[in-house]
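Step one of this worksheet: look at the structure below.
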Amino acid sequence: MRLVLVGPPGAGKGTQAEFIAAHLAVPKISTGDILRANVSQGTALGREAKRYMDAGDLVPDKIVINMVRDRLAEPDATDGFLLDGFPRTVPQAQELDSMLADLGVGLDLVLELIVDDDEVIRRLSGRRTCRGCGKIWHMEFDPPTHPDVCDRCGGELFQRDDDRPETIANRLREYADKTAPLIDFYGAQGKLVGIDATGPVEDVTVRAIDALRSYGG
Ligand code: AP5
């Protein structure tokens, strides 16, 4: 299955992507994770992307599109994938359609995670991520036993630079201006399914998998 997850920052895309990708047995491709890996390795792409990410702005389409084109060309993505955080603008979505058309395939479904802004702020303010295995924690909703240590791998937990309150506000504006138009874009293609992404993580996973099953996933 070829699936896109869309939703505001902090909607739970990364959290749900792990479970959904495992359920579908497809690779999870997160543009945010790829960009952050480039930033921490100090690559030219990472240096260019960092100033946009730190401000909560979207990285320019050209950079992200090339990155995704390379990633989708890897053998593990041939039979399916789950895209988390891409596309994020209408030009990115048009480019994705044309990349897939060149390969003779198309997207099967776009799953929208629906949460309101207050919940987004609560989720992002308490988020911690493991430097070792990438597991996402929340200090209130899914707390680790020790505040700085990952229970899964013992790695160090960190707070993302873009989870500061002023940056969160800008990310929400970027979402409303540039990403929310994708809802109409994919709605018009008949590929959009929205689910309520509030409540316990496991309940959201059940809703997501039920939605996929009704579309053959
Ligand atoms: P990216 O990493 O994609 O960030 P985002 O879309 O803002 O999403 P987040 O990762 O912040 O949130 P999420 O929805 O994954 O939520 P999570 O599961 O962590 O992008 C970062 C930056 O990179 C962008 O700002 C941009 O600059 C750049 N970028 C990336 N892709 C780009 C693109 N295509 N084009 C241009 N620029 C791009 O959950 C959040 C918290 O909530 C966690 O603590 C979690 O434990 C908790 N939580 C999750 N679910 C629940 C629940 N059901 N109940 C309670 N808590 C929950």
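We count ligands from 1, going down the list as the structure has it; atoms in each ligand are counted the same way.
The distance criterion of under 3.5 Å between nitrogen or oxygen atoms is not met by Asp84 with respect to ligand 1. Between Ala11 and ligand 1, an N or O atom pair is found at a separation short of 3.5 Å. On a distance-only criterion, Glu119 and ligand 1 share no N/O pair closer than 3.5 Å. At least one N/O-N/O distance between Gly12 and ligand 1 falls below 3.5 Å. Looking at ligand 1, you'll find an N or O of Arg127 within less than 3.5 Å of one of its N or O atoms. Considering backbone and side-chain N/O of Gly14, one or more are found under 3.5 Å from N/O of ligand 1. For a threshold of 3.5 Å applied to N or O pairs, the pair formed by Val59 and ligand 1 contains at least one separation below that value. Checking only distances, Pro200 never comes within under 3.5 Å of ligand 1, N or O to N or O.
With hydrogens and angles disregarded, no donor-acceptor distance shorter than 3.5 Å links the side chain of Asp163 to the backbone of Gln159. Judged purely by atom type and a 3.5 angstrom limit, Asn38 uses its side chain to pair as donor or acceptor with the backbone of Ile34.
Interface atoms of ligand 1 facing Trp137, defined by a heavy-atom separation under 4.0 Å, are 43 (C), 44 (O), 46 (O). Of all the atoms in ligand 1, the ones that sit under 4.0 Å from a non-hydrogen atom of Gln92 are 33 (C), 34 (N), 35 (N), 36 (C). The distance from ligand 1 to the heavy atoms of Val201 drops below 4.0 Å at these ligand atoms: 50 (N), 51 (C), 52 (C), 53 (N). Of all atoms in ligand 1, numbered sequentially from 1 with element shown, those under 4.0 Å from a heavy atom of Val64 are 33 (C), 34 (N), 35 (N), 36 (C). Within the listing of ligand 1, atoms 31 (N), 32 (C), 33 (C), 34 (N) sit less than 4.0 angstrom from a heavy atom of Gly85. The contact set between ligand 1 and Thr31, taken as ligand atoms under 4.0 Å from a residue heavy atom, comprises 30 (C), 31 (N), 32 (C), 34 (N).
Using a non-hydrogen distance threshold of 4.0 Å, Arg36 registers as a contact of ligand 1. Close to ligand 1: Gly199, with a non-hydrogen atom less than 4.0 angstrom away. For the pair Gly10 and ligand 1, a heavy-atom separation below 4.0 Å is found. Heavy-atom separations between Gly126 and ligand 1 are all 4.0 Å or longer.
Looking from atom 41 (C) of ligand 1 to the surrounding protein, the closest heavy atom is Arg123 O, 3.5 Å. With respect to atom 56 (N) of ligand 1, the closest heavy atom belonging to the protein is Phe141 CD1, 3.3 Å. When only non-hydrogen protein atoms are considered, atom 22 (C) of ligand 1 lies nearest to Met53 CE, 4.0 Å. Residue, atom and distance of the protein heavy atom nearest to atom 47 (C) of ligand 1 are His138 CD2, 4.0 Å.
For Thr167 and Asp162, the side-chain atoms include no donor-acceptor pair closer than 3.5 Å.
For the pair Asp142/Val201, no side-chain contact is recorded, criterion being any heavy-atom separation below 4.5 Å from C-beta on. Here the side chains of Ile209 and Phe19 are not in contact, with every heavy-atom distance at 4.5 Å or above. For the pair Tyr215 and Asp108, the minimum side-chain heavy-atom distance is 4.5 Å or more. Residues Leu72 and Phe81 meet the side-chain proximity criterion, which asks for heavy atoms closer than 4.5 Å. At a threshold of 4.5 Å between non-hydrogen side-chain atoms, the residues Gln189 and Asp184 do not count as touching. Using a 4.5 Å heavy-atom cutoff, the side chains of Lys135 and Thr129 are not in contact. Residues Trp137 and Cys150 form a side-chain contact, since some pair of their non-hydrogen atoms from C-beta on lies under 4.5 Å apart.
No option in Asp61, Leu182, Thr179 other than Leu182 meets the side-chain contact (heavy atoms from CB on, under 4.5 Å) test with Val90. For the pairing with Val6, the side-chain contact (heavy atoms from CB on, under 4.5 Å) check across Leu113, Ile183, Ile114 returns one residue only, Ile183.
At a heavy-atom distance under 4.0 Å, atoms from both the backbone and the side chain of Leu58 approach ligand 1. Only the side chain of Arg171 comes within contact range of ligand 1, with a heavy atom under 4.0 Å; no backbone atom does.
Applying the side chain to side chain donor-acceptor pair (under 3.5 Å) rule to pairs touching residues 199-214 yields Gln16-Thr205, sequence neighbours excluded. Applying the salt bridge (charged side-chain N to carboxylate O under 4.0 Å, His left out) test to residues at least two apart or on different chains, the pairs with a partner in residues 17-35 are Glu18-Arg152, Lys28-Asp33, Asp33-Arg36.
Considering Thr15, Leu35, Ile136, Asp61 only, the shortest heavy-atom separation from atom 18 (O) of ligand 1 involves Thr15. For atom 6 (O) of ligand 1, the choice among Lys50, Arg88, Gln16 with the nearest heavy atom turns out to be Arg88. Residue nearest to atom 4 (O) of ligand 1, selected from Lys13, Arg160, Met67: Arg160 (by heavy-atom distance). With Leu124, Leu5, Asp57 as candidates, the residue nearest to atom 27 (O) of ligand 1 on a non-hydrogen basis is Asp57.
Ion pairing of Asp84 with Lys13 is absent here, as no side-chain N (NZ or NE/NH1/NH2) approaches a carboxylate O to less than 4.0 Å. Taking the charged nitrogens against the carboxylate oxygens, Glu140 and Arg122 have no contact shorter than 4.0 Å, which rules out a salt bridge.
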